[in-house]
Amino acid sequence: MVMRTILHIDMDAFYAAVEVLDNPEYQGIPLIIGGTKDSLRGVVATCSYEARRFGVKSAMPLRKAVSLCPSGVFIPGRQKRYLEVSEKLQEVFSAFSPVVEPLSIDEAFLDMTGCEHFYARLEAMGQAIKERVWSEIGLRASVGIAPTKFLAKLASEMEKPDGLVVIRPSEIERLLISLPVKKLWGVGEKTADLLRDLRVFTVYDLRRVELSVLLKTFGVYGQTLYDLARGIDERKVEVTSSVSSIGQETTFDEDYLDFSILSCQIARLVEKVGYRLRKQNLKARTVTLKVRFLDFHTVTKSTTATVPFHDDDTIFSTALRLFSKIKLKPVRLVGVTVSNFHTLETLPLLDSTAEANALYKVLDSINTKFDDTVIRKGRTLDQRKGP
Ligand code: DCP
Ligand code: MG
């Protein structure tokens with residue numbers, strides 16, 4: 001098996017911790033995020049560790065949480081703010097490794113293979129990222145470091161909150177053997193029930209089941225179970241993007257039917273979308289055009305290319321091609337979205353569009369400096385009104 005150094009980091013009581021950060025009066029109290037005390041139908045998104053002592057946990061009906069913890073403070077939560085903090089977290093993670101796989105809003109895998117020599121010990125590596133998250137964002141995280149993804153995630157959960165656990169190859173066997181199968185990656189209630197029918201409760205029990213029986217009962221996942229029970233997990237940290245699309249739309253003060261005005265508006269949207277795409281080091285394969293008419297009827301058209309792109313020209317010509325397929329009526333709104341991302345790390349280094357890339361680099365750096373698209377292509381200028 002390939003030996004890697006994989007770090008899993010997961011924030012402690014994430015939404016609740018962000019609320020404490022922004023509202024220090026919530027420090028040290030049972031804080032429950034998901035709704036107010038009288039929200040009859042809501043569920044708990046998360047709660048502070050002080051509230052967990054009362055038995056409150058994620059996904060529990062709010063009514064039950066109120067009865068368990070009547071003295072708690074119950075608040076609805078602010079998704080936009082949590083996403084904003086999540087983006088900052090990703091920036092901190094990216095400073096530690098170029099290979100980061102965000103898993104959810106508050107956790108990620110980092111492939112730290114080859115970076116070991118920067119730290120005296122693996123514990124120091126874990127401590128360094130925890131301290132950086134604390135000093136730059138003001139939040140506590142738990143970290144696990146191990147040779148596989150599954151073990152790294154297991155390790156980060158072991159000493160929550162503010163935990164740091166390193167699992168070395170020599171320790172895997174001792175740790176795995178008594179582990180309840182429910183802790184294995186991918187084992188939910190249903191799999192646990194089927195395993196119970198086979199009288200399997202721990203990894204020790206699981207190792208005694210033949211591979212053929214596991215394959216018959218669980219299909220291809222049987223092989224995964226067989227491997228995980230032996231500490232084998234070849235999954236790589238995959239560099240994926242946390243965003244799934246980048247879009248921009250504009251609603252007009254008046255309705256337009258004129259192709260030249262509309263194509264100029266599309267060009268302006270394309271510049272903003274292309275700029276954000278390149279800023280995030282992404283290439284896309286899909287362009288979606290949205291058009292809303294005066295009567296509020298909305299049409300969206302998409303197309304997917306085989307070769308990923310991040311230049312305005314490709315996005316614009318694609319959007320325009322989609323636009324020409326739409327039967328025109330007075331238009332109220334147009335929107336351009338790109339999706340189906342590939343990170344640049346996964347693309348070939350040699351690119352035949354190197355010159356175009358250099359041009360976009362210059363344009364983007366000027367536009368970044370002035371915080372807007374100050375340099376534009378002629379097609380974004382409304383021909384009738386002049387520059
Ligand atoms: N979340 C949610 N609903 C759930 C589970 C989670 O809305 N059923 C949200 C709120 C959490 C965030 O996702 O703050 C991260 O989920 P985690 O499972 O990592 O839980 P926490 O970070 O809150 O706590 P922990 O310290 O156990 O990681
Ligand atoms: Mg968490």
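Everything quoted here is computed from the prediction, not taken from an experiment. Counting starts at 1 for both ligands and their atoms, in listed order.
Set against the non-hydrogen atoms of D12, the atoms of ligand 1 under 4.0 Å away are 26 (O). For ligand 1 and F14, the ligand atoms under 4.0 Å from any heavy atom of the residue are 14 (O), 21 (P), 22 (O), 23 (O).
Shown here is K329, whose NZ atom has more than 12 heavy atoms of other residues, nucleotides or ligands within 6.0 Å. Counted within 6.0 Å of NZ on K37, heavy atoms from surrounding residues, nucleotides or ligands total more than 12; the atom is thus considered enclosed. More than 12 non-hydrogen atoms from other residues, nucleotides or ligands lie less than 6.0 angstrom from CZ of R52. Within a 6.0 Å radius of NZ in K183, other residues, nucleotides and ligands contribute 12 heavy atoms or fewer. Dense packing is recorded around CZ of R168, with more than 12 heavy atoms of other residues, nucleotides or ligands lying under 6.0 Å away.
Scanning A141, A45, G163, C47 for the heavy atom closest to atom 4 (C) of ligand 1 points to A45. Comparing heavy-atom distances from atom 16 (O) of ligand 1 across L139, D106, V43, I105 singles out D106 as nearest.
K160 counts as a contact of ligand 1, since one of its heavy atoms falls under 4.0 Å from the ligand. Proximity of P161 to ligand 1 is not established, as no heavy-atom distance is less than 4.0 Å.
Ring planes of H297 and F293: parallel class, angle under 30° (limits at 30 and 60°). Under the 30°/60° scheme for interplanar angles, the aromatic rings of W185 and Y221 are found to stand perpendicular.
Taking the Mg ion (ligand 2) as reference, the nearest N/O/S atom within D10 carries the name OD1.
Contacts between Y82 and ligand 1, counted as non-hydrogen atom pairs separated by less than 4.0 Å, are absent for every part of the residue. Contact annotation: for R52 versus ligand 1, heavy atoms closer than 4.0 Å belong to the side chain alone.
F323 does not carry R321 over the face of its six-membered ring by the limits of under 6.0 Å from the centre and within 45° of the normal.
Ranking protein heavy atoms by distance to atom 9 (C) of ligand 1, first place goes to Y15 CZ, 3.6 Å. Ranking the protein heavy atoms by distance from atom 28 (O) of ligand 1 puts D10 OD1, 2.8 Å first. For atom 23 (O) of ligand 1, the closest heavy atom belonging to the protein is T46 OG1, 2.5 Å. In terms of protein heavy atoms, atom 26 (O) of ligand 1 is closest to Y49 OH, 2.6 Å.
In summary, M11 places an N/O/S atom under 2.8 Å from the Mg ion (ligand 2), meeting the contact criterion. The Mg ion (ligand 2) has an N, O or S atom of D106 closer than 2.8 Å.
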Q) Hey, mind stepping through T288 and S302 against side chain to side chain donor-acceptor pair (under 3.5 Å) and telling me if it holds? A) CA-CA 4 Å; T288 304; S302 286; 2.7 Å; yes
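Counting protein heavy atoms under 4.0 angstrom from atom 18 (O) of ligand 1 gives zero.
Of the N or O atoms in M11, one or more lie within a sub-3.5 Å distance of an N or O in ligand 1.
Between L320 atom CG and F259 atom CZ the span is 4.5 Å, to the nearest 0.5 Å.
Hydrophobic clustering of Ile, Leu, Val, Met, Phe, Trp and Tyr side chains at less than 4.5 Å, counting indirect connections, keeps V73 apart from Y49.
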